[in-house]
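Naming convention: chains lettered A, B, ... in sequence-line order (proteins, then strands); numbering from 1 in each chain.
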There are 2 protein chains.
Amino acid sequence: SAAELLQVLEGVEGQQLKLTDREEELKTACIFIITVPTPINTDKRPDLGPLLTATRTVAAALKKGDIVIYESTVYPGCTEEDCVPLLEQVSGLQFNTDFYCGYSPERINVGDTKHTLTSIVKVTSGSTAAIADTVDSLYASIITAGTHKAPSIKVAEASKAIENAQRDLNISFVNELALMFDKMGIDTRDVLDAAETKWNFMKFQPGLVGGHCIGVDPYYLTYKAEQLGYQPQVISSGRRVNEHMGGFVAGKVLALIADKGTEVQQAFVLVLGITFKENCTDIRNSGVVMLYNSLVAAGAAVDVYDPWADPLKVAKEYSVPLLPEIDYIKKYDAVILAVAHNEFVQIDFEVFRASGAVIYDIKGVLDRSLTDARL
Amino acid sequence: SAAELLQVLEGVEGQQLKLTDREEELKTACIFIITVPTPINTDKRPDLGPLLTATRTVAAALKKGDIVIYESTVYPGCTEEDCVPLLEQVSGLQFNTDFYCGYSPERINVGDTKHTLTSIVKVTSGSTAAIADTVDSLYASIITAGTHKAPSIKVAEASKAIENAQRDLNISFVNELALMFDKMGIDTRDVLDAAETKWNFMKFQPGLVGGHCIGVDPYYLTYKAEQLGYQPQVISSGRRVNEHMGGFVAGKVLALIADKGTEVQQAFVLVLGITFKENCTDIRNSGVVMLYNSLVAAGAAVDVYDPWADPLKVAKEYSVPLLPEIDYIKKYDAVILAVAHNEFVQIDFEVFRASGAVIYDIKGVLDRSLTDARL
């Protein structure tokens, strides 16, 4: 909204930036950068809704010689196969004659103060060799870390799509190790602590994979590959394992409760944290929801507490009611540390332990003597 | 043999080292380090033959108070579940009363002059807390990089087993990308070049995975997990993709030959390289053999040349005859650079190109203008 835009503007020095949410003002621009969310729908398939809506808006303002640059994460081919036809149709102009496209993936790491926009090399590309040069110069003028001009839009799209797939896969590997070592009676983090003393072992931790990137981008890649007749094995199996972790933790906690002689159907469980990562308010695709649903499906009564999450959003999105505060008097049969918010690491877990509660540490951050098990 | 041992001794200064292959001399030792190969059999299952044979030999010399330390890569539990019973049975001594065990995984990177034995942190462990200290002190006395004392033998075993599984999986990821991007008409290395400009993207290249570690160790992990009821998904799918790459390359090359109008059954193909990696003589589990067999199965006549490989060993192990020299006069329909030996990178590929040969670069090291395709 206009009010929100003004709020952003207040934080910008010099006021050279002009913000608007009025479509008619678009006509004054000759380069358009589209950077909207590219989520997945409930079937885990790409939802190009926001991307195509923005494309339509820009198309209505498109003039001869204009360049439309995309920064949203998509599958290879999306810009030219999905967006360009819409730009042509709405504007009545011809691609690579009347107007051009570029693609330059976002590489911002939200909350990372070291790797900021200008300090991260930016991949650029354009729909013709000349436009690729123009797009590259544009970014080179502000990115102090330099640019990498990819040979095609497709290559630039692909380079982004694989980044989070690589991360997702590596987390799925340590998650699979956790599933295996559970059967072998070994603590996964003990093994990782030992393995990480080798110079080339890569440090990843098991956990619930959520958020708007790592758990989403791989589906863009696999969607396109499947369309073209390749059934992804590695990337898809990684996704399956990561999607399974909430259910696995629920099963472990319920088994630990049963070990202490409590019926699962009469168990009270406290889950600490529902955002997708620590010290942030973002609840998109939170892996904790799967954990919650698994516990509830098994018949447990589950309380969730998260001082970072907006209770209204959580209720609306996931139908999960949030506790206003932790009830230390209530006798919980299990407490699960699901998100490592600073507040949670400082909580006195001894209180729960004294009441006989199973303490399960998904994040591996608590003193081990306080916990019954960890992922 | 004694002759081979003497040869090793010649390279050792000071002559403090005593080498022997006589079993009766073992009785003078009180600490035994067993470091033998742990291969897989034709069913891709662990072959503990060498490990148990060595264990039996040591067991025959075992005295009260002795420590047996294993360095071979095994699945978690192998030392205590497979080796210890044999040590007890043959020696008549009791574990953790009369004798003890330790486990300290090898971390040497063959051919790596930077990461040498003493400069790599060594993981140690022992069958009791006191023995773990003894084992740790023993290694700490020579490892300048320091040691990491794992809390149990199982953890130390697991820490090693996962190292090569992580590497194998990451190569399978870029291999799967190659399979996907092939369908999308994108050059995989162009994408990796772009992705690698991000600080946290991990540099792996597609290729044939062979050798005695990366393609083997994951099977030790999956064997044990399956035994205990967990069906590995991520690690196993990675193995499947990596095992498939030889066949994929064969198919691509045969299709490129057919595109030029040559019948596959009448095609002559030259494969350059059969060792498992560049500039080494090791042919164990070479991925090139799968490539060769796929080409031959399709009806092509295939020549293989590798100045690093021993022709007798290759003939015996794989029934593949090696060319004594490259025949530049012969009209090949395709030339495949399979291993990036220094000699191969310097070959004049123009000669083959002039004869109309398809040039396929598995290693991505040739000038791209010379090649028809690369992995």
With a 4.5 Å cut-off on heavy-atom pairs, point out which of [options] contacts chain B the most.
{"options": "A:His148, A:Glu196, A:His115", "answer": "A:His115"}
{"options": "A:Lys183, A:Arg239, A:Glu176", "answer": "A:Glu176"}
{"options": "A:Gln227, A:Lys198, A:Glu163", "answer": "A:Lys198"}

Measuring heavy-atom distances to chain A, does [X] have an atom under 4.5 Å in its side chain, in its backbone, in both, or in neither?
{"X": "B:Phe204", "value": "side chain"}
{"X": "B:Leu228", "value": "both"}
{"X": "B:Lys224", "value": "both"}
{"X": "B:Pro232", "value": "both"}
{"X": "B:Arg240", "value": "side chain"}
{"X": "B:Leu177", "value": "side chain"}
{"X": "B:Asn170", "value": "side chain"}
{"X": "B:Ala165", "value": "both"}

field: When B:Leu179, B:Val174, B:Asn175 are compared by non-hydrogen pairs under 4.5 Å with chain A, the top option
entry: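 Heavy-atom pair counts peak at B:Leu179.
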- prompt: If you count heavy-atom pairs under 4.5 Å with chain A, which of B:Phe201, B:Trp199, B:Tyr230 comes out on top?
  reply: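 Maximum pair count with chain A is reached by B:Trp199.
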field: From B:Leu169 atom CG to A:Ser172 atom OG, the distance as rounded to the nearest 0.5 Å
entry: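 Going from CG on B:Leu169 over to OG on A:Ser172, the span is 6.0 Å.
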Rounded distance [0.5 Å steps], OG in A:Ser159 versus CG in B:Leu192: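 Those atoms lie 9.5 Å apart.
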State whether the side chain of [X] and the backbone N or O of [Y] hold a donor-acceptor pair below 3.5 Å, judged by distance alone.
{"X": "B:Gln166", "Y": "A:Met202", "answer": "yes"}
{"X": "B:Gln233", "Y": "A:Val241", "answer": "no"}
{"X": "B:Lys154", "Y": "A:Met184", "answer": "yes"}

Heavy-atom closest contact ([X] atom, [Y] atom, distance):
{"X": "B:Ser237", "Y": "A:Val234", "answer": "OG-CA, 3.5 Å"}
{"X": "B:Thr222", "Y": "A:Met180", "answer": "N-CE, 4.4 Å"}
{"X": "A:Ile186", "Y": "B:Ala158", "answer": "CD1-CB, 4.2 Å"}

Within a strict 4.5 Å, meaning less than it, do heavy atoms of the [X] and [Y] side chains meet?
{"X": "B:Arg107", "Y": "A:Asn200", "value": "no"}
{"X": "A:Ile162", "Y": "B:Phe173", "value": "yes"}
{"X": "B:Phe181", "Y": "A:Pro76", "value": "yes"}

query: Taking everything shown except A:Arg45 itself, do over 12 heavy atoms lie less than 6.0 Å from its CZ?
result: no
field: A:Asp187, A:Thr188, A:Val191 screened by side chain to side chain contact (heavy atoms under 4.5 Å, CB included) with B:Val155, the one that passes
entry: A:Val191
